[in-house]
Amino acid sequence: MFEKVLIANRGEIALRINRACKEMGIATVAVHSTADASAMHVRLADESVCIGPPPAAQSYLNIPQIIAACEITGAEAIHPGYGFLSENARFAEIVREHGIAFIGPTPEHIRLMGDKIAAKQAVKSLGIPTVPGSDGAVSSDAEAARVADEMGYPVLIKATAGGGGRGMKVARSPSDLSLALSTARSEAKAAFANDEVYMEKYLQRPRHIEVQVLADSHGKVLHLGERDCSLQRRHQKLWEEAPSPALNAAQRQEIGATVTRALEKLGYLGVGTVEFLFEDGGFYFIEMNTRLQVEHPVTEAITGLDIVREQIRVAAGGALEMEQSDIVFSGHAIECRINAENPFTFRPSPGTITHFHAPGGLGVRFDSAIYDGYKIPPYYDSLAGKLIVHGRNRNECLMRLRRSLDELVVGGIDTTIPLFQKLVREPDILNGDYHIHWLEHYLAASRPTSAK
Ligand code: ADP
């Protein structure tokens with residue numbers, strides 16, 4: 001096992017990884033920008049190294065500085081968390097070339113899944129169903145029009161290098177197509193320096209259902225069930241739950257087995273998430289994330305497993321100690337992303353937290369790096385905390401979520417708490433009856449006039 005791990009991230013996920021390391025007896029090294037000198041992830045790690053000025057490109061994405069921090073402190077492994085360098089295949093390669101372990105999959109698998117066209121073709125050949133669409137990239141407007149006519153409108157233009165919902169545009173009719181293509185291309189070029197796009201049938205009322213997997217280097221792949229992440233705004237998840245209110249045990253077992261078989265054939269290592277759209281009983285692959293995800297705690301709540309611990313163990317060459325039949329799902333869990341944003345306009349709200357009180361009690365977990373007097377810097381994403389609630393069934397979970405949200409106080413900045421307080425009282429949410437466009441429709445209908 002590693003003796004010292006460098007955590008190449010910040011915020012709640014750096015704390016989450018620090019916790020797993022501590023419980024495994026592993027020493028930790030935090031890295032930070034000058035803006036994060038007094039951040040909680042720096043305070044709680046055994047050692048810390050400042051790696052640059054506030055902009056992420058010069059600090060959390062600064063590969064030479066991160067490698068140097070590893071060498072100075074003698075860390076044997078790097079955990080990249082999510083975001084930043086976590087899905088950068090070149091980074092994983094450089095880490096390996098320096099004789100440092102990368103806590104994640106192989107660079108080859110990161111690269112394969114990072115190219116969304118190659119990923120789709122690869123999983124299709126491994127027996128995973130995909131969304132109908134263009135065979136590969138579409139290079140001209142004429143080709144796009146031909147594909148769209150064959151599939152039928154609406155169609156979705158997506159960036160090959162996509163991520164975070166960027167470079168994605170819907171064309172509802174032939175007259176929309178040319179504008180949707182050019183906007184998607186220019187967004188993709190700006191965000192990913194790659195304007196290649198492909199097309200998919202735009203599904204009207206699907207759910208977003210993703211399967212969590214865990215694989216060791218001895219050929220064992222396990223699935224930890226699914227998460228339903230259908231409540232999204234601008235393709236960004238806000239509320240995640242497990243199990244999905246839309247799946248029955250047979251569907252769960254079937255998709256879990258399909259994914260497990262495919263990843264066994266691929267020789268996958270580490271944690272990963274295979275994402276699907278689910279409509280009319282059918283699953284359609286959209287992408288695979290080759291990293292730990294923000295919403296992993298809902299799976300931890302219903303399985304009792306520490307996913308980060310297992311991730312570190314398999315990266316160190318350890319074998320998974322359980323079988324698929326040992327993975328038992330118990331009760332229901334929901335996560336709400338508490339973002340430092342206006343709950344109606346979603347404008348980021350960085351600034352000083354003047355009052356903070358975390359909820360507690362049975363089945364309540366609050367993962368966050370904030371504290372009383374903490375100043376949220378304007379340079380990074382707006383996730384301020386994650387409230388994860390577990391109950392014996394979905395009803396108990398919803399009632400516990402309601403009271404936990406009422407206990408949670410984050411003063412001095414705007415947060416998404418008031419939005420969740422409304423959502424836990426909405427009949428469709430209580431019935432589990434929602435799809436990926438539900439939240440956008442709800443927000444459009446309920447926005448105060450002043451914010452419209
Ligand atoms: P990204 O990598 O940018 O997050 P994904 O392929 O994971 O992109 O898609 C993000 C979200 O976009 C999905 O959760 C879903 O809400 C929506 N989406 C993606 N593909 C489709 C599709 N074919 N039809 C309808 N919605 C889609």
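When a residue number appears, it is its place in the shown sequence, counting from 1. Numbering of ligands and ligand atoms starts at 1, following listing order.
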Problem set entry | Centroid-centroid under 6.0 Å between Y202 and H437 rings | yes
Exercise. What are the atoms of ligand 1, with element, lying closer than 4.0 Å to any heavy atom of Y202?
Worked result: 24 (N), 25 (C), 26 (N)
Exercise. Considering only the protein, which heavy-atom contact is closest to atom 26 (N) of ligand 1, and what is its distance?
Worked result: I436 CD1, 3.4 Å
Problem set entry | Check: L430 main-chain N/O paired with R394 side-chain donor or acceptor under 3.5 Å | yes
Problem set entry | ligand 1 to M168 polar contact by distance, N or O atoms, under 3.5 Å | no
For this session: Compute the shortest N/O to N/O distance between G164 and ligand 1 and return yes if it is under 3.5 Å, no if not.
Result: yes
Exercise. Are R90 and E97 ion-paired here, with the side-chain N under 4.0 Å from a carboxylate O?
Worked result: yes
Exercise. Is a salt bridge present between R16 and E300, judged by a nitrogen-to-oxygen distance below 4.0 Å?
Worked result: yes
Exercise. Which atoms of ligand 1 sit under 4.0 Å from any heavy atom of I286?
Worked result: 6 (O), 7 (O), 9 (O), 13 (C), 20 (N)
Exercise. Counting heavy atoms only, which of H208, K237, Q232 comes nearest to atom 16 (O) of ligand 1?
Worked result: Q232
Exercise. For atom 12 (O) of ligand 1, which candidate among E279, R205, H235 provides the closest heavy atom?
Worked result: H235
Exercise. Out of E87, K116, R166, R234, who gets a non-hydrogen atom closest to atom 1 (P) of ligand 1?
Worked result: K116
Exercise. How does K201 reach ligand 1, by side chain, by backbone, by both or by neither, if only non-hydrogen atoms under 4.0 Å count?
Worked result: backbone
For this session: For T260 and V221, indicate whether the former's side chain and the latter's backbone hold a donor-acceptor pair under 3.5 Å.
Result: no
Seminar exercise, completed: Which of E335, E295, Q232 passes side-chain hydrogen bond (donor to acceptor under 3.5 Å, both in side chains) with K237? Answer is E295
Exercise. Cation over ring, R96 on F102, under 6.0 Å and within 45°?
Worked result: no
Seminar exercise, completed: Nearest heavy atom to atom 22 (C) of ligand 1, choosing from L277, V131, V155, belongs to L277
For this session: State whether the shortest distance between N or O atoms of E287 and N or O atoms of ligand 1 falls below 3.5 angstrom.
Result: yes
Exercise. Per the side-chain hydrogen bond (donor to acceptor under 3.5 Å, both in side chains) rule, which among E196, K116, K120 passes with T160?
Worked result: E196
Seminar exercise, completed: The closest protein heavy-atom partner of atom 3 (O) of ligand 1 is G165 N, 2.5 Å
Exercise. How far is atom 24 (N) of ligand 1 from its nearest protein heavy atom, and which residue and atom is that?
Worked result: L203 N, 2.9 Å
Seminar exercise, completed: Test side-chain contact (heavy atoms from CB on, under 4.5 Å), reference I78, set N9, L85, I66, output is I66
Exercise. Hey, which atoms in ligand 1 end up nearer than 4.0 Å to a heavy atom of E275?
Worked result: 7 (O)
For this session: Using a strict cut-off of less than 4.0 Å between a Lys/Arg side-chain nitrogen and an Asp/Glu carboxylate oxygen, indicate whether R111 and E108 qualify as a salt bridge.
Result: no
Exercise. Do any nitrogen or oxygen atoms of L156 lie less than 3.5 angstrom from nitrogen or oxygen atoms of ligand 1?
Worked result: no
Problem set entry | Winner among M199, R207, K120, K158 once heavy atoms are compared against atom 19 (C) of ligand 1 | K158
